[in-house]
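Note sheet for the following structure.
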Amino acid sequence: MTETIATPTPTRKTALTDDFRTHFSGNAPLGEKARNFAKARPWTSAAFVGIAAMALLNTLRGARG
């Protein structure tokens, strides 16, 4: 008797992880990988940039105090 293992179907939560693996694997330069990811998922990229900007502003605000 042989057992078949079903491959899991991607959910919204794992789809982003799959896209990270797809776009950031390989030998291309990091800038090119980031551009390809930004083209594929513009809203996610904008959210990441916004979070990074807030973190930078908070860091600079703390350094002045």
Check: In Å and rounded to the nearest 0.5 Å, what is the CG to CZ distance from N58 to R61?
Finding: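 Here the interatomic distance stands at 5.0 Å.
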Notebook entry, point to check: Atom CZ of F48 and atom CZ of R41: how far apart are they, to the nearest 0.5 Å?
Noted result: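 If I round to the nearest 0.5 Å, the distance is 9.0 Å.
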Notebook entry, point to check: Is W43 reachable from I51 through a run of hydrophobic residues whose side-chain heavy atoms are each under 4.5 Å from the next?
Noted result: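 Shared cluster, no.
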Note to self: Which heavy atom of A38 sits nearest to which heavy atom of S45, and what is that distance?
What the structure shows: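 Shortest heavy-atom separation between A38 and S45 comes out as CA-OG, 3.1 Å.
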